[in-house]
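Working notes, structure below.
Start at 1 and go down the list; that is how both ligands and their atoms are numbered.
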Amino acid sequence: MSKRPTLTTTAGAPVPDNQNALTSGARGPLLLQDYQLIEKLAHQNRERIPERPVHAKGWGAFGTLKITGDISKYTCAKVLQPGTETPVLARFSTVAGELGAADAERDVRGFALKFYTEEGNWDLVGNNTPVFFVRDPYKFPDFIHTQKRHPRTNLRSNTAMWDFWSLSPESVHQVTILMSDRGLPISPMHMNGYGSHTYSLWNEAGERYWVKFHFKTQQGHKFHTNAEAREVIGRSRESYQEALFGAIERGEFPKWTFQVQIMPEKDAEKTPYNPFDLTKVWPHGDYPCIDVGVLELNRNPDNYFAEIENAAFAPSNIVPGISWSPDKMLQARIFSYADAHRYRLGTHYESLAVNRPRCPVHHYHKDGQMNIYGGLATGNPDAFYEPNSFGGPVEDPRAKEPPLRISGDADRYNHREGNDDFSQAGALFRLMSAEEQNRLMDNIAEAMEGVPMEIVKRQAGLFYQCDPDYGIGVATRMGLSAADLPSARAAE
Ligand code: NDP
């Protein structure tokens, strides 16, 4: 057997005894000078960092994005040029459950990707659904409160969820996806990923195109019914971790087809729906999906905490050739994700190994806790401000994106006025088979257990506006009839 390394203190000195505490006599009390015992206990007390308020429970792996298509006329981003291969980290997650929650729970799944490109990290922090529950970030903290525990009972509250949803008609599209088969995939490998927001691409000629990013599972969509999920959770709370980790260990590397939908900049003024509204999709008939490449996951992390828990994804991370859009939810996330990581991991979270760009990094941020740059990230102790005469880093105007040609009067526009919240959810309901529709409505009825009838009626009324069969199907499962639904009475 090869010689084993000597156990040391964190300061590097050899540890003489890691079995027996220092006591005054064999039966006596501990001595305060047993510094190694105290350090061991103190480290244990600090092993946990704050869990994410949302997307706490996650599973992740490394892989590659290969570009096989050609969208170079839309973007100069090097990561998207034909033939490019870029290392990637993926982290999947549930939204509501805490770190110890069971994996096979009905919930939206996070689908976060970090591309380590030669022009900096590009993070696409999406979900397994193309839309979201709210379109105005003012409502995001309220929505998340309804998904978390009730302050008094410390239990999840069906009433809070359906109360909020029934008072927020823009949520009905996402609620329909959540309660459908796609709301409970059997593993992260059996679901699509969507950038969800509208982003933009820009090319060297300074032309901007709006874009939606899609990752379509090559493993096929597979889902659990609620009853199957209960049985899975009874056996294992870690079914996703087992499935993803196990597949990659066995060399069965999951893949997704990477696609984009492209909208010319001017089209945004004439689509009947707001293309920057996160509760809407762009119909494939209007903006077809274009194949761009393949995402493959092929390496498990060596250390879950260091590489998956410490991973910090933020939509603020873009690279030249890719940018944002006027989507209000995206703009709020540009602030709030990086801010969440500053709180959770510390100011210098991007210098942790898993978050560190693979290209050179030069900036003037200074000092602070856990600054592990070993000094300044300018590479020069005299260049600690800018402009300077000491060869410090300078801006590169080639990275400047074209102007965002959107303007209007600053005001608080009522986002619920004049919006069609029902057509797309209705289209989704109608593309489901009768069996899928029945499972959807059964799942809704199950999730409405214990909810006051006034809220049930209001919500079934929203489903009715998507499609009368949808509203009546939910109403009858709840012991109501069409006559009980306000929207059905109004339609008579
Ligand atoms: P299409 O018929 O062209 O597209 C329908 C899309 O719906 C499919 O391509 C598939 O998207 C997705 N889909 C199919 N079956 C299901 C299901 N059982 N549950 C959830 N999604 C399913 O029509 P449109 O583009 O006009 O979309 C119609 C409706 O489909 C939309 O209102 C929306 O609710 C839903 N949808 C649309 C997407 C889009 O980007 N246009 C994406 C996902 C859903 P995929 O290929 O992404 O799996």
Handout entry: 4.0 Å protein heavy-atom contact status of atom 27 (O) of ligand 1, strictly under
Key = no
Practice task
Might you check, step by step, whether the distance between atom 23 (O) of ligand 1 and some protein heavy atom is under 4.0 Å?
Solution key: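 Protein heavy atoms within 4.0 Å of atom 23 (O) of ligand 1 - there are none.
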What protein heavy atom lies closest to [atom]? Include the residue and the distance to one decimal.
{"atom": "atom 31 (C) of ligand 1", "result": "Val281 CG2, 3.6 Å"}
{"atom": "atom 32 (O) of ligand 1", "result": "Gln424 O, 2.9 Å"}
{"atom": "atom 25 (O) of ligand 1", "result": "His284 N, 2.7 Å"}
{"atom": "atom 18 (N) of ligand 1", "result": "Glu436 OE2, 2.9 Å"}
{"atom": "atom 14 (C) of ligand 1", "result": "Leu431 CD1, 3.5 Å"}
{"atom": "atom 45 (P) of ligand 1", "result": "Tyr194 OH, 3.5 Å"}

Handout entry: Passing candidate, side chain to side chain contact (heavy atoms under 4.5 Å, CB included) with Met161, options Met448, Arg156, Gln459
Key = Arg156
Exercise for the section: Within a distance under 4.0 Å of any heavy atom of Gln261, pick out the atoms of ligand 1 and give their elements. Expected result: 40 (O)
Do other residues, nucleotides or ligands put more than 12 heavy atoms under 6.0 Å from [X] [atom1]?
{"X": "Asp409", "atom1": "CG", "result": "no"}
{"X": "Glu252", "atom1": "CD", "result": "yes"}
{"X": "Glu249", "atom1": "CD", "result": "yes"}

How does [X] reach ligand 1, by side chain, by backbone, by both or by neither, if only non-hydrogen atoms under 4.0 Å count?
{"X": "Asn192", "answer": "side chain"}
{"X": "Pro130", "answer": "side chain"}
{"X": "Ile177", "answer": "neither"}
{"X": "Trp282", "answer": "backbone"}

Exercise for the section: With the side chain counted from C-beta on, respond yes when Leu124 and Phe115 share a heavy-atom pair under 4.5 Å apart, and no when they do not. Expected result: yes
Handout entry: Close side-chain approach of Glu228 and Ile186, heavy atoms under 4.5 Å
Key =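 Heavy-atom side-chain distance check fails, nothing below 4.5 Å.
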Handout entry: Phe143 and Phe164 aromatic ring geometry - parallel, tilted or perpendicular at 30°/60° bounds
Key = tilted
Practice task
Look at the rings of Phe213 and Tyr199 and say which category their plane angle falls in: under 30° parallel, 30 to 60° tilted, over 60° perpendicular.
Solution key: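 The arrangement is tilted - the two ring planes meet at 30° to 60°.
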Problem - Check: His214 N/O within less than 3.5 Å of ligand 1 N/O - result: no
Handout entry: contact_flag His173 ligand 1 heavy-atom lt 4.0 Å
Key =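 Right, His173 reaches ligand 1.
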Practice task
From atom 35 (C) of ligand 1, work out which of Leu428, Asp286, Thr129, Thr257 has a heavy atom at the shortest distance.
Solution key: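 When every heavy atom of Leu428, Asp286, Thr129, Thr257 is considered, Leu428 comes closest to atom 35 (C) of ligand 1.
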Problem - Option set Arg182, Met432, Lys216, criterion heavy-atom distance to atom 10 (C) of ligand 1, minimum - result: Arg182
Handout entry: Aromatic contact, Trp210 with Tyr287 (centres under 6.0 Å)
Key =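 Not under 6.0 Å, so no.
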Exercise for the section: Please confirm whether Trp256 and Phe215 have ring centers closer than 6.0 angstrom. Expected result: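 When the ring centroids of Trp256 and Phe215 are compared, they turn out to be at least 6.0 Å apart.
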Handout entry: Stepwise ring pair (Phe, Tyr, Trp, His ring centres under 6.0 Å) test for Trp165 and Phe133
Key = CA-CA 8 Å; Trp165 286 334; Phe133 297 93; 5.6 Å; yes
